[in-house]
2 protein chains.
Amino acid sequence: MREHRRWVTMAEVAQEARVSTITVSRVIRTPEKVAAETRAKIQAVIDRLGYVPNEGAGDLSSRQNRSVAALIPTLTGSAFTSTIDGLSTRLRAANHQLLFACTDYSSGKEEDFIATMLRRRPAGLVLTSTHHTREADALLQGCGIPVVEVWELPKVAQHHAVGFSNHDAGFAMVRFLHELSYRRVGFVGNSKTSIRSRQRFIGYQAACREFGSGVFRKIADTKKGPNNSERGAQEFAALIEQWPDTDAVFCASDTLALGALSEAQRRGLKVPDDIAIAGFGDFEFANEFGVGLTTVRIPGFEIGELAAQLILNHDDYDQKEMQKIDVGYEIIRRRTA
Amino acid sequence: MREHRRWVTMAEVAQEARVSTITVSRVIRTPEKVAAETRAKIQAVIDRLGYVPNEGAGDLSSRQNRSVAALIPTLTGSAFTSTIDGLSTRLRAANHQLLFACTDYSSGKEEDFIATMLRRRPAGLVLTSTHHTREADALLQGCGIPVVEVWELPKVAQHHAVGFSNHDAGFAMVRFLHELSYRRVGFVGNSKTSIRSRQRFIGYQAACREFGSGVFRKIADTKKGPNNSERGAQEFAALIEQWPDTDAVFCASDTLALGALSEAQRRGLKVPDDIAIAGFGDFEFANEFGVGLTTVRIPGFEIGELAAQLILNHDDYDQKEMQKIDVGYEIIRRRTA
DNA sequence: TTGTAAGCGTTATCAG
DNA sequence: CTGATAACGCTTACAA
């Protein structure tokens with residue numbers, strides 16, 4: 001049944017062109033080292049036979065690898081999509097492939113995926129978390145390939161990092177709201193799901209202490225779960241019922257903010273007059289042609305590009321020196337605050 | 001400088017455990033075929049040495065491959081993210097890896113990526129287009145691996161397909177609007193960028209002929225470009241200026257619809273009283289806790305899962321029979337129509 | 001400029 | 001249940 005059209009091999013090309021395989025190999029990788037005539041002859045055979053080099057075999061032989069693995073929590077919610085786009089773009093330019101998987105915010109799955117990815121011997125690993133299981137940490141330590149942690153900036157750097165301070169970004173947004181004269185700012189976001197959300201919350205708390213009444217308006221984290229707009233709506237509702245005088249709400253993601261916005265509307269609250277709403281991430285729907293959300297913009301695409309760069313240039317760095325690139329953040333004021 | 005911690009090989013494990021490599025191989029792949037005692041001894045060495053099998057070498061030797069390549073136009077805009085999630089999830093369950101790249105709606109880049117991906121000898125290829133360059137087509141024909149085209153259902157199937165009729169979905173939405181008594185429906189969307197948008201447009205036209213005045217309210221496609229909310233706002237504005245009596249607008253994507261919505265608001269038009277707006281895709285922001293957009297829901301996650309399934313089960317099918325799976329679509333009525 | 005020989009790290013095959 | 005041997009498709013190192 002399975003009449004597997006077999007792949008053409010380099011040996012077949014070589015035989016057909018009456019040269020040795022190494023010469024075919026050279027035509028592909030270093031054509032300038034082959035006589036023009038020979039090259040043309042071989043190229044013709046390659047085209048005629050539709051030869052596609054087997055990169056896996058090449059990698060095995062040369063002990064190299066032109067692939068990079070990336071692990072992100074999820075694609076839905078759009079925070080990390082631009083980073084993957086950036087990675088993909090930069091890797092393509094360097095003829096590298098992207099191995100990709102979603103961890104679903106589970107460090108167990110992350111460990112699993114790290115192990116699985118490592119079997120492919122990628123040139124590098126891009127992770128969206130700085131907190132791993134013991135086993136995962138051991139794998140990362142032992143494997144000897146560059147690891148880049150993105151979207152955070154850990155205090156003690158075991159690996160390269162490209163990100164920003166989620167704490168400071170959270171702090172900055174509350175300060176910004178304070179400057180706009182909002183004094184009783186609440187926080188919506190699940191700090192159980194992601195460390196990044198938690199750090200934004202801690203930044204929020206610090207800012208509340210410095211600028212606000214010192215009251216933390218945040219309903220208790222009950223369960224883990226997706227930071228979707230439904231949750232945003234629910235938490236927003238609970239929050240303003242518990243603290244009816246809240247005049248602004250800072251949400252740990254734009255998606256949550258969108259939910260808050262819809263709930264405010266449902267309750268007949270005018271935004272930003274009755275209550276201001278701020279998000280995080282500057283997702284596409286947040287812009288002026290969308291809901292016009294005041295938010296924090298993170299250069300996600302750039303994060304991806306830089307992470308790729310770090311891996312591609314790994315040899316240039318001293319192995320001991322971990323790079324730490326702060327891409328910063330930017331507060332974008334729109335209609336909701 | 002580059003003190004590359006070398007990977008532990010199977011041979012080293014074997015030597016350390018005083019067995020042959022094939023026995024180590026068996027412990028990893030078919031542990032039940034190894035005596036419990038031997039197995040334990042080898043497993044101990046594996047753990048102690050932190051051995052991670054080199055899957056590339058294994059694939060080469062066994063002429064198998066546990067990776068699947070996927071090519072989508074872009075991650076931003078969120079139409080395909082759920083499909084990638086579905087793919088990733090299903091592949092993980094089958095211990096396969098996902099090779100991923102964005103083509104940016106360019107068939108040139110697509111061709112490029114297909115060639116590059118094929119070098120990895122993936123077990124299958126998932127594509128989001130049915131229209132390829134000549135060279136790409138030749139590659140796909142010749143490679144002998146299963147190809148699944150998603151998000152469309154081509155008339156003549158060269159490959160497997162998992163999708164739905166964009167034409168019918170477009171048609172259905174206009175009929176739905178007609179049933180809600182909207183009679184002068186406009187279309188917003190760039191049919192130059194994506195064939196899928198074009199098909200939705202053709203469905204729109206067919207429905208206009210059948211139910212409407214037969215007038216096609218769509219501003220001319222000027223340039224290619226992203227179907228973002230800014231474009232949605234601009235096209236919406238141009239449309240209602242050209243046909244001021246338009247009472248509903250069907251947008252080829254939710255992102256465009258969002259832009260239309262914001263533009264309507266800017267112009268003081270009440271939605272849906274003055275004008276109804278419908279989108280396509282049921283992106284996350286479209287739901288009831290978001291902007292409450294009337295739209296067409298596509299089971300994107302399921303598309304990804306089914307595509308993976310088709311590739312994983314490839315051997316079960318007759319090579320000549322291309323599967324064609326219609327996942328359908330569903331009209332979701334919300335606040336904007 | 002081209003070729004020979006020896007791997008790269010695994011698994012298939014067949015034997016014991 | 002375990003092992004010896006020969007691939008898998010390519011590249012490195014060295015020769016010619």
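All chains are named by letter (A, B, ...) in the order of the sequence lines, taking the proteins before the strands, and each is independently numbered beginning at 1.
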Nearest-angstrom distance from the residue atom [atom1] of [X] to [atom2] of [N]:
X      : N      : atom1 : atom2 : value
B:Q64  : D:dG9  : CD    : P     : 14 Å
A:R63  : C:dA6  : CZ    : P     : 17 Å
B:D59  : D:dC8  : CG    : P     : 16 Å
B:R119 : D:dG9  : CZ    : C1'   : 14 Å
B:E55  : C:dT11 : CD    : P     : 9 Å
A:N54  : D:dA7  : CG    : P     : 18 Å
B:I42  : D:dT2  : CD1   : C1'   : 10 Å
A:K41  : C:dT2  : NZ    : C1'   : 10 Å

Kindly indicate, with the supporting measurements, whether the criterion salt bridge (Lys or Arg N to Asp or Glu O under 4.0 Å) is fulfilled by B:D59 and B:R120.
CA-CA 10 Å; B:D59 285 351; B:R120 291 265 163 220; over 6 Å; no
Note: contacts of residues 19-40 of chain A with DNA chain D (heavy atom, under 4.0 Å) are A:T21, A:I22, A:S25, A:R29
Heavy atoms of A:F80 and A:R196 approach each other most closely as CZ-NH2, 3.7 Å
For A:C102 and A:L75 the tightest heavy-atom approach is SG-N, 4.3 Å
Quick note, salt bridge (charged side-chain N to carboxylate O under 4.0 Å, His left out) partners involving residues 15-40 of chain B, not counting sequence neighbours, are B:E16-B:R48
**Asked** Can you tell me if A:E110 and A:H132 form a side-chain donor-acceptor pair at under 3.5 Å?
**Response** yes
Exercise. Cationic tip of B:R121 within the cone over A:W7's six-membered ring, i.e. under 6.0 Å and within 45° of the normal?
Worked result: yes
D:dG9 base to A:S61 side chain: any donor-acceptor pair below 3.5 Å? no
Sorted by position of nearest nucleotide on DNA chain C, 5' first, the leading residue of A:R18 and B:V52 is A:R18
